[in-house]
Amino acid sequence: MDYLADLTAAQREAATHVEGPLLVLAGAGSGKTRVITRRVAYLLSQGIPDRQVLAITFTNKAAAEMRERIAALVPIRGLTVATFHAFCARMLRVYGDALGVANDFTIYTQSESVRAVKQAIERQGLDTTNWSPDKIQGRISHLKNRLETAAEFSKYAGDYSSKNVAKIYTAYQDTLRSANAMDFDDLLMKVAMGLRDNEAFRGLLQDRFRYVLIDEYQDTNEAQYQIARRIAEGHGNICATGDPDQSIYGWRGANIHNILDFEKDFAGCRVIRLERNYRSTPQILGAAGSLIARNRKRKAKDLFTENPNGRPVRVVEVDTAEDEAREVAEDIRRECRAAGNYADVAVFYRVNSLSRALEDALRAAGIPHEIVRGSSFYERQEVRALVAYLRLLANPADDLALLRIVNVPTRGIGDTTVKRLEGFAAERGVSMLEACRRVGEVADLNARAQKSVGDFVKLLDDMATLDRVRMKQLVIDVVRLTDFDEYCRKLEGGEEDRVANVNELVNVAASFDAEQDEEATDAESEGVTPLMRFLERVSLVSDQDDVHEERPKVHLMTLHAAKGLEFPIVYIVGLEQGVLPHAMAEEEGRDLEEERRLCFVGITRAKSRLTLLHARYRMQRGQTNRQMPSVFLREIGDVGVERQSLARFSSSAPVFGVRRDSRREVGTTRRYPAPRQPAAAARTAQADREEEARLRAALPQDESPYKPNQLVKHPTYGIGTVFEVTGSGDSLKVGVRFPNIGEKKFVAQHARLEILARR
DNA sequence: CTCGGATGGGTTTTT
DNA sequence: CCCATCCGAG
């Protein structure tokens, strides 16, 4: 058992637990992944067949990593390592008959789901302004996560709003059914309900998966909890790993009580705490511990470390977001010159909008950097469109897929034509594709439209004859038939990226083909075509397979995106009331504890150097606001913490600023940290106003930033020269001359002009 | 169909 | 302020 040799006593105890429920409360940086992988290896070494083991993670990346790390220890073939969603999709494909689920369903992504909800709203004659598709989709998603069907919800929906949601929910399900599609939540819901109501299905899964392991258990929602519980209910072999202190997804339905109540749910449960941290300095851990101790909803857990002392945690006050960003950039410079590498550095923030100032400052300082997770690969327009073609091939009833590509690339099938086709399809109860086929029967279509639709059908028919065994070739052929590269080139903006994305999809297809060759034909997957599997992969995988990092870069990301990562040097910006904790969490009486956990997650990512920053003024929604330092800055305590002010205008430099904004004080006063320096508290409103006036004067707020001969950049016209500036304030107008285009006038506040260097 | 301008809304985000 | 989306004009 050499793979147990390097484990501590507690880790080994967890890794060698075989029968019965086990809860591993794994503190941040306590070697959880190690325990999980060793435990799986141990189970297999005890003669348990790998196909009886089910390991569930939350992201595909985590699943891939776990699989890899297990494979490095023991040979595996039939082991299931998957996300909840991928697992459910698989079960529905393979054992779906037991539930009466057709196994050739397609999976709608988030954006497709929203689109379908929007259609449902419109079909109910409701206005999409009052009934925002996004929000309604969110509500439906939550209902599904709680296993409430449209029919059940309709029964209980009382008020006007809920009744309409019920109507939309019902209509949306109709759409999904007729498109033979499921959204992400359906995958979980169908399996959870199947396990609950269908004995045969439950029996199949319980027999098949004798050992269940669920990682990040603190992030499970009700549906996922039900799935785990029902599968484990016969044999009780369930191992949950996680950390309540790192539960940060409550807002999307995760229920922290799943992990808090695990011991109650599974009688005879063994609990193992991993409290030794291998990642951070005592200073960083001390700050984190002091902070999280304020939470009531948790399991007492004392993180400790044997790591040597490091530098103090640095808390820095600055005046503005720009100062904050500049300080981060300068400090990165200092740190990296001394010891590090840019890849050692990460900057975290609560909301994406804070990344802008950071990006500007890093760019200005010439520090290579990257924002982690912009729009994901598979949500890119061009990729979605190509995938839609494939989807339509696999499932001709997929109307949403058809709608997505009916005029992509443009082929003269406009909205009017589409509306008429939709009308026809709805009337006859046929698919959109069928409606297109029978375009001759559709009323009120002119000859040109008919021809366009006819050509489109011809194109799809040609496509249908393509060989569907090799995905790479299929994608290439689809690109060729649709002249897709040409279309990408014609689209303005990042055209090279678009072609590159198409090529990337070809690569994904190629590696999929390669995997298919390697993987022995799985008896279970009979009847599931390679195309279906490929589409499943593409729908469920949102991350681009990690692009290999070329040169070292500073990583910028939200606190949510930071979970599970670690960096030697970490900066967290915007530690201010209303930002972290976020205003929404306070105002709506939402969970301040989750915000605290978020901060905790950020802090515990740092290995050796942690800097927390807060600005006294921050521009939000076009307005400069006075910002209170975050309560969390106080809660991290003073041991191993060094506080510093770089604010230019503050004489007393209180680390915890003075309350001045009377509006914000109301009702929340008690939560605010007490001012440390009474003298500061005594400052008058007059003094504040003066200071603000000075500050404002110091900020670059010219009456007009545009001057004749100024170089500017317009998103459409490109770079031009200002030749005229008239008016002021809201009616400030700017005349710009663009080479080869001519002169244009813009209302400054509307036109998105970017100021370039002054001539 | 395509563009520019008006309008409204604004955590966090994986699957 | 910044963005996505909608809407009317050409």
Side-chain angles (χ1 to χ4, degrees), chain A residues 56-63 82-89 107-114 118 127-130 132-135 138 141 144-145 182-188 216 219 221 223-224 248-254 321 348-354 356-357 372-376 378-379 407 410-417 492 536-543 557-564 574 578-588 590-591 594-595 597-598 601-602 618-625 714-717 744-747 749-752 754:
Chain A
I56 291 198
T57 61
F58 267 79
T59 65
N60 290 292
K61 199 174 152 206
T83 64
F84 265 109
H85 297 269
F87 167 70
C88 289
I107 301 167
Y108 277 4
T109 61
Q110 170 77 13
S111 58
E112 287 162 321
S113 163
V114 170
K118 188 176 171 215
D127 177 14
T128 49
T129 329
N130 294 329
S132 134
D134 268 308
K135 298 227 167 97
S141 172
K144 287 184 174 180
N145 287 161
M182 295 205 199
D183 64 19
F184 290 144
D185 305 311
D186 285 333
L187 297 172
L188 303 179
E216 306 283 13
D219 288 332
N221 63 30
Q224 292 162 334
I248 55 175
Y249 286 107
W251 52 275
R252 67 176 197 213
F348 305 149
Y349 35 81
R350 174 67 236 259
V351 291
N352 286 115
S353 59
L354 298 194
R356 178 178 299 269
V372 175
R373 187 160 298 143
S375 69
S376 84
Y378 291 104
E379 288 292 337
N407 205 28
T410 23
R411 52 173 71 91
I413 305 178
D415 282 347
T416 322
T417 310
E492 56 183 308
E536 187 165 303
R537 152 89 61 102
V538 168
S539 307
L540 292 175
V541 171
S542 68
D543 274 2
M557 69 192 84
T558 62
L559 285 161
H560 283 91
K563 192 170 131 198
V579 178
L580 177 62
H582 195 275
M584 294 286 193
E586 285 206 316
E587 281 174 23
E588 299 189 8
R590 285 263 310 283
D591 209 355
E594 182 153 315
E595 295 291 309
R597 291 193 291 267
L598 197 50
V601 165
R618 190 176 294 274
M619 176 100 110
Q620 282 163 321
R621 301 200 194 175
Q623 279 205 323
T624 303
N625 296 322
H714 187 273
T716 312
Y717 302 118
K744 299 267 175 197
K745 286 196 185 178
F746 304 97
V747 177
Q749 69 169 344
H750 294 307
R752 279 177 295 160
E754 186 186 336

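Atom set for the values below is all heavy atoms of this structure, side chains included, hydrogens, waters and symmetry mates excluded. Every chain is numbered from 1 and lettered A, B, ... according to where its sequence line falls, protein lines coming before strand lines.
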[N], OP1 or OP2 - any side-chain N/O from [X] closer than 4.0 Å?
X	N	result
A:Ser353	B:dG10	no
A:Asn60	B:dT14	no
A:Lys144	B:dT15	no
A:Lys61	B:dT15	no
A:Asn407	B:dC1	yes
A:Asn145	B:dT15	no

Separation of atom [atom1] in [X] from atom [atom2] in [N], rounded to whole Å:
X	N	atom1	atom2	value
A:Asp127	B:dG8	CG	P	12 Å
A:Arg356	C:dC3	CZ	P	5 Å
A:Tyr249	B:dT14	OH	C1'	7 Å
A:Phe184	B:dT13	CZ	C1'	11 Å
A:Leu559	B:dT11	CG	P	16 Å
A:Asn221	B:dT14	CG	P	15 Å
A:Asp591	B:dT12	CG	P	18 Å
A:Leu598	B:dT11	CG	P	15 Å

Open item on the list: Can you work out whether A:Thr558 or A:Gly412 has the more 5'-proximal nearest nucleotide on DNA chain B?
Closed with: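 Of the two residues, A:Gly412 wins.
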Open item on the list: Let me spell it out: for each of A:Asp185 and A:Lys135, pick the nucleotide of DNA chain B with the closest heavy atom. Which residue's pick is nearer the 5' end?
Closed with: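 Looking at the nearest nucleotide for each, A:Lys135 comes out on the 5' side.
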Task: Chi class for B:dT12: syn within 90° of 0, otherwise anti - done: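 B:dT12: anti glycosidic orientation.
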Identify which nucleotide among [options] has an atom closest to any side-chain atom of [X], counting heavy atoms from C-beta outward.
X	options	value
A:Thr410	C:dC6, B:dT14, B:dT2	B:dT2
A:His582	B:dT11, B:dT15, B:dT12	B:dT11
A:Arg621	B:dT12, C:dC1, B:dT14	C:dC1
A:His85	B:dT15, B:dT11, B:dT13	B:dT15

Open item on the list: Can you see whether A:Thr109 engages A:Glu112 through a side-chain donor-acceptor pair at a distance of less than 3.5 angstrom?
Closed with: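 Yes.
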Open item on the list: Can you confirm whether the side chains of A:Asp134 and A:Ser132 place a donor and an acceptor under 3.5 Å from each other?
Closed with: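 Distance-only check fails for A:Asp134 and A:Ser132.
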Open item on the list: As an exercise, state the distance from OG1 of A:Thr558 to CG of A:Leu598, rounded to the nearest 0.5 Å.
Closed with: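 These two atoms lie 8.0 Å from each other.
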Are [X] and [Y] packed together at the side-chain level, in the sense that at least one heavy-atom pair is separated by less than 4.5 angstrom?
X	Y	result
A:Tyr249	A:His560	yes
A:Lys563	A:Thr59	no
A:Phe348	A:Met557	yes

Open item on the list: Could you check whether A:Trp251 and A:His582 have their ring centres less than 6.0 Å apart?
Closed with: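 No, ring centres 6.0 Å or more apart.
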- [ ] Say whether, by atom type as modelled, one donor and one acceptor occur between the side chain of A:Glu594 and the main chain of A:Gly250 under 3.5 angstrom.
- [x]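 Yes, because the side chain of A:Glu594 sits within donor-acceptor range (under 3.5 Å) of the backbone of A:Gly250.
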NA contact type, [X], heavy-atom cut-off 4.0 Å: base, sugar-phosphate, or nothing?
X	answer
A:Lys563	nothing
A:Asn352	sugar-phosphate
A:Glu595	base

Open item on the list: Taking C:dA4 as the reference, what is the distance to B:dT13 when you measure between their P atoms (whole Å, please)?
Closed with: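 To the nearest whole Å, 15 Å.
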Open item on the list: Output the pairing pattern of DNA chain B as a dot-bracket string, 5' first, Watson-Crick or G-U wobble with both distances under 3.5 Å, | for cross-strand pairs, [ ] for crossing pairs.
Closed with: ||||||||||.....
Open item on the list: Applying salt bridge (charged side-chain N to carboxylate O under 4.0 Å, His left out), can you list everything that pairs with A:Asp185, at least two apart in sequence or on another chain?
Closed with: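 Result, salt bridge (charged side-chain N to carboxylate O under 4.0 Å, His left out) vs A:Asp185: none returned.
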